[in-house]
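Notes follow the structure.
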Amino acid sequence: MLVTRNPEIFVSTGGFGDQTVSKACELLVEAGISKIEISSGKYDKNQELDILALNASTDICLHNYAPPPKTPFVLNLGSHDQNILSASRAHVRRAIELSSSLGSSVY
């Protein structure tokens with residue numbers, strides 16, 4: 001017997017790469033979207049506070065390169081370059097901590 005559950009569908013900020021995360025989320029909420037996957041966007045110094053505030057009324061999930069770092073880099077947890085590896089690890093740690101603050105069980 002095959003048992004399936006209704007998947008939760010999140011709309012990604014990936015299509016708003018030219019906007020800040022906060023602006024992309026604002027546009028999605030205005031469109032009636034209540035489940036948002038933050039996966040890209042331009043850096044904004046208040047983005048983490050905005051994400052936490054938005055989480056009170058919207059279901060937020062972080063994915064991959066989110067929230068975007070102040071200084072862009074290629075996220076690569078398998079890199080042999082110690083600078084890239086260190087930046088990647090730090091980014092993922094911050095994202096996991098933020099995901100936990102959002103009450104999300106995944107990153």
Side-chain angles (χ1 to χ4, degrees):
M1 178 170 91
L2 177 65
V3 177
T4 61
R5 66 172 225 183
N6 292 333
E8 293 190 77
I9 298 174
F10 285 69
V11 176
S12 176
T13 60
F16 299 89
D18 60 334
Q19 301 288 335
T20 64
V21 166
S22 302
K23 181 63 176 177
C25 289
E26 178 185 319
L27 293 169
L28 290 169
V29 168
E30 286 175 0
I33 305 299
S34 63
K35 295 183 180 295
I36 300 173
E37 176 194 83
I38 299 175
S39 59
S40 66
K42 289 186 177 181
Y43 171 82
D44 174 42
K45 66 180 179 178
N46 296 318
Q47 65 190 2
E48 289 190 22
L49 292 174
D50 291 345
I51 290 168
L52 288 167
L54 181 63
N55 192 55
S57 61
T58 307
D59 197 359
I60 301 289
C61 178
L62 301 181
H63 179 254
N64 197 29
Y65 198 59
K70 184 174 185 176
T71 304
F73 68 97
V74 175
L75 180 66
N76 184 350
L77 293 170
S79 179
H80 293 287
D81 181 302
Q82 287 304 308
N83 292 326
I84 293 172
L85 181 59
S86 178
S88 296
R89 286 178 175 170
H91 175 84
V92 169
R93 280 188 195 103
R94 280 192 305 274
I96 290 171
E97 289 170 2
L98 180 56
S99 292
S100 177
S101 295
L102 293 168
S104 181
S105 62
V106 296
Y107 159 65

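Predicted, not measured: the structure shown is a model, and the values here were computed from it.
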- Query: For Asp59, which residues count as a salt bridge (charged side-chain N to carboxylate O under 4.0 Å, His left out) partner, sequence neighbours excluded?
  - Reply: Lys35
- Item | Listed once per pair and sorted, the salt bridge (Lys or Arg N to Asp or Glu O under 4.0 Å) pairs that draw on residues 10-22, sequence neighbours left out | none
- Item | Value rounded to 0.5 Å, distance of OG in Ser104 from CD in Glu37 | 10.0 Å
- Query: Measuring from Gln19:CD to Glu26:CD, what's the distance to the nearest 0.5 Å?
  - Reply: 9.0 Å
- ring-ring contact (aromatic ring centres under 6.0 Å, His included) partners for Phe16, two or more places apart: none
- Note on the structure: Residues Ile33 and Thr58: closest non-hydrogen pair is O-CG2, 4.4 Å
- Just by distance, do the side chain of Tyr107 and the backbone of Cys61 share a donor-acceptor pair under 3.5 Å? no
- Partners of Asp44 by side-chain contact (heavy atoms from CB on, under 4.5 Å), sequence neighbours excluded? Thr20, Ser22, Asn46, Gln47, Asp50
- Task: Taking side-chain hydrogen bond (donor to acceptor under 3.5 Å, both in side chains) as the test, write out the residues that go with Ser99, two or more places apart.
- Result: none
- Task: Could you check Ile96, Leu52, Ile51 and say which one makes a side-chain contact (heavy atoms from CB on, under 4.5 Å) with Ser101?
- Result: Leu52
- Is there a donor-acceptor contact under 3.5 Å from the side chain of Tyr65 to the main chain of Phe73? yes
- Answer yes if Val29 and Ile38 sit in the same cluster of Ile, Leu, Val, Met, Phe, Trp and Tyr residues linked by side chain heavy atoms under 4.5 Å apart, and no otherwise. yes
- Note on the structure: Scanning both residues in full, the closest heavy-atom pair of Ser40 with Val21 reads O-CG2, 3.8 Å
- Message: Here's a test for you: under side-chain contact (heavy atoms from CB on, under 4.5 Å), which of Asn55, Leu62, Thr13, Val11 qualifies with Ile36?
- Response: Thr13
- Query: What pair of heavy atoms forms the shortest contact from Ala95 to Ala66, and how long is it?
  - Reply: CB-O, 3.4 Å
- Item | Listed once per pair and sorted, the side chain to side chain donor-acceptor pair (under 3.5 Å) pairs that draw on residues 78-97, sequence neighbours left out | none
- ILVMFWY cluster, Leu27 and Leu54 together (side-chain gap under 4.5 Å): yes
